[in-house]
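Keep in mind it's a predicted model, so treat the numbers as computed, not measured.
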Amino acid sequence: MARHVIPKKSASCLPEEEASGPDMLEREGTVRQGTARLFSTSVARHAAASGGQPPKFVPPPKPVIIDKTQSQASLRRTSTGPPQSRFLSPEFIPPRQRTSPVKFAIERKDMIQRRKVLNIPEFYVGSILAVTMSDPHAAGNTNRFVGICIQRSGKGLGATFILRNVVDGQGVEICYELYSPRLRHIEILKMEKRLDDNLMYLRDALPEYSTFDFDMKPVYLSPTQDVPLNQMKVRMKPRPWSKRWERPKFNIRGIRFDQCLTSEQMEHAQKWAEPWRQYDMLKEYDTSSVEEKIFQEVQAELSK
């Protein structure tokens, strides 16, 4: 005769009234923990949204991207920067002539002291600057002028630069002394180079190449980037010009001579060519050793 075995019901299969003992206590504890967790989360949300308004969104901090492919020696900064900066302002290099080096050494001391007070940034001919200087006859005793640098000249404390801008159809040029005590601030609006080291021919060019807004916003240039070269060539006004820019002695590359001169005029200008100048070994002299010595001296003084 076969026997039928009836399996026992587990505590999980029993109805709610039949479940008892440790299993029932464990289930009650799990339910209580879930209810407490839900309650605490809802309370925090209501506390954050006080007054019925959602919490204000706070954006995460902007990440800082560091280009580690560039070495420290390749950073392009001002001469008042750290020792790894390799830029030296041209007025520090003395001219080649029979003068006592003591004069230029004393002037360098004064130039360094002035740079500790006034930040003189790196700029080139062709850069757009905004210069603020003291003017007792202006409103607020300050005067701000925006223009393109068309020339840098002078050595030592006598270094100067010229800014040009067209205001109300009239060309305006201001010559600033780089180490003048009247200078308050020099701001670089756009740093770039041109094809020529002297842009005095902009006086004879169309006004559109010398017109800049006084409210121009600065253009950012990373310290690791090279200074951009603007290869734009300008169109000139009808002749006569202030100088014969087509002659080879000026070596101008930034003028569209093909639009303002004929082939006969360009051929006539070659009569003043001096082809032997390129073989003159005394015209230019090597200043690499002088620059390195002066650079180390300037950096040592500025780091004090």
Side-chain angles (χ1 to χ4, degrees), residues 74-81 85-93 119-133 144-155 158-167 170-179 183 185-237 241-243 245-260 284 287 291:
S74 65
L75 294 180
R76 177 200 50 76
R77 298 180 181 175
T78 63
S79 57
T80 58
S85 172
R86 304 308 303 174
F87 173 76
L88 182 65
S89 195
E91 70 271 5
F92 280 100
I93 305 174
N119 180 25
I120 301 178
E122 170 190 4
F123 67 94
Y124 304 88
V125 173
S127 301
I128 303 175
L129 312 179
V131 178
T132 304
M133 67 179 305
R144 183 177 183 269
F145 185 77
V146 176
I148 181 174
C149 180
I150 61 176
Q151 186 185 62
R152 291 192 66 172
S153 60
K155 299 293 183 181
T160 61
F161 63 98
I162 300 178
L163 297 186
R164 176 178 173 83
N165 200 347
V166 177
V167 182
Q170 180 67 37
V172 180
E173 295 181 0
I174 300 181
C175 181
Y176 293 98
E177 295 180 359
L178 189 59
Y179 294 94
L183 286 182
H185 182 63
I186 301 177
E187 182 182 5
I188 306 297
L189 299 181
K190 185 176 182 180
M191 182 181 296
E192 63 181 8
K193 296 180 180 179
R194 291 295 185 94
L195 296 175
D196 304 303
D197 296 332
N198 194 308
L199 301 181
M200 299 298 288
Y201 57 80
L202 289 180
R203 297 174 175 178
D204 302 319
L206 297 180
E208 60 188 47
Y209 299 104
S210 302
T211 305
F212 304 96
D213 188 6
F214 277 74
D215 298 330
M216 177 180 177
K217 300 297 182 180
V219 179
Y220 175 74
L221 182 64
S222 175
T224 59
Q225 296 179 0
D226 295 333
V227 180
L229 177 62
N230 191 345
Q231 300 184 3
M232 178 179 59
K233 294 186 178 182
V234 302
R235 294 181 298 171
M236 305 293 285
K237 299 177 182 178
W241 300 331
S242 59
K243 292 184 180 180
W245 303 111
E246 71 277 6
R247 293 191 176 181
K249 68 176 182 178
F250 295 108
N251 193 21
I252 300 298
R253 298 183 297 168
I255 297 179
R256 294 291 304 270
F257 290 114
D258 56 340
Q259 295 184 357
C260 53
E284 302 290 342
T287 60
E291 290 181 11

For residues [X] and [Y], determine if any side-chain heavy atom of one lies less than 4.5 Å from a side-chain heavy atom of the other.
X: Ile93; Y: Glu291; answer: yes
X: Leu129; Y: Glu187; answer: no
X: Val234; Y: Ile255; answer: yes
X: Phe161; Y: Glu177; answer: no

Output yes when a side-chain donor or acceptor of [X] lies under 3.5 Å from a complementary backbone atom of [Y], and no otherwise.
X: Asn230; Y: Arg194; value: no
X: Lys190; Y: Gly126; value: no
X: Asp196; Y: Asn198; value: no
X: Arg253; Y: Leu195; value: yes
X: Trp241; Y: Lys237; value: yes
X: Asn165; Y: Val172; value: no

For Gln170, does the CD atom have more than 12 heavy-atom neighbours from other residues, nucleotides or ligands under 6.0 Å away? no
Starting at [atom1] of [X], measure out to [atom2] of [Y] and round the result to the nearest 0.5 Å.
X: Phe214; Y: Leu189; atom1: CZ; atom2: CG; answer: 11.0 Å
X: Met236; Y: Arg203; atom1: CE; atom2: CZ; answer: 11.5 Å
X: Glu122; Y: Leu221; atom1: CD; atom2: CG; answer: 8.5 Å
X: Ile162; Y: Leu202; atom1: CD1; atom2: CG; answer: 11.5 Å
X: Leu178; Y: Leu183; atom1: CG; atom2: CG; answer: 7.0 Å
X: Glu91; Y: Lys155; atom1: CD; atom2: NZ; answer: 8.0 Å

Validate the cation-pi geometry between Arg235 and Tyr209: distance from NZ or CZ to the six-membered ring centre under 6.0 Å, angle to the ring axis within 45°. no
When you look at Val166 and Phe212, which way does the side-chain contact (heavy atoms from CB on, under 4.5 Å) test go after all the steps? CA-CA 7 Å; Val166 177; Phe212 304 96; over 6 Å; no
Side-chain H-bond candidate by donor/acceptor type, Ser127 with Arg152, under 3.5 Å: no
Aromatic centroids of Tyr201 and Phe250 separated by under 6.0 Å: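 No, the ring centres sit 6.0 Å or more apart.
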Parallel, tilted or perpendicular: which one describes the rings of Phe145 and Tyr176, with boundaries at 30° and 60°? tilted
How far apart are the closest heavy atoms of Pro121 and Phe123, and which atoms are they?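 For Pro121 versus Phe123, the nearest heavy atoms are O-CD2, 3.4 Å.
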As a quick check of understanding, evaluate side-chain contact (heavy atoms from CB on, under 4.5 Å) for Glu173 and Ile150, giving each step before the final call. CA-CA 9 Å; Glu173 295 181 0; Ile150 61 176; 3.7 Å; yes
Pair Asp213, Val146 - check side-chain contact (heavy atoms from CB on, under 4.5 Å), show working. CA-CA 8 Å; Asp213 188 6; Val146 176; over 6 Å; no
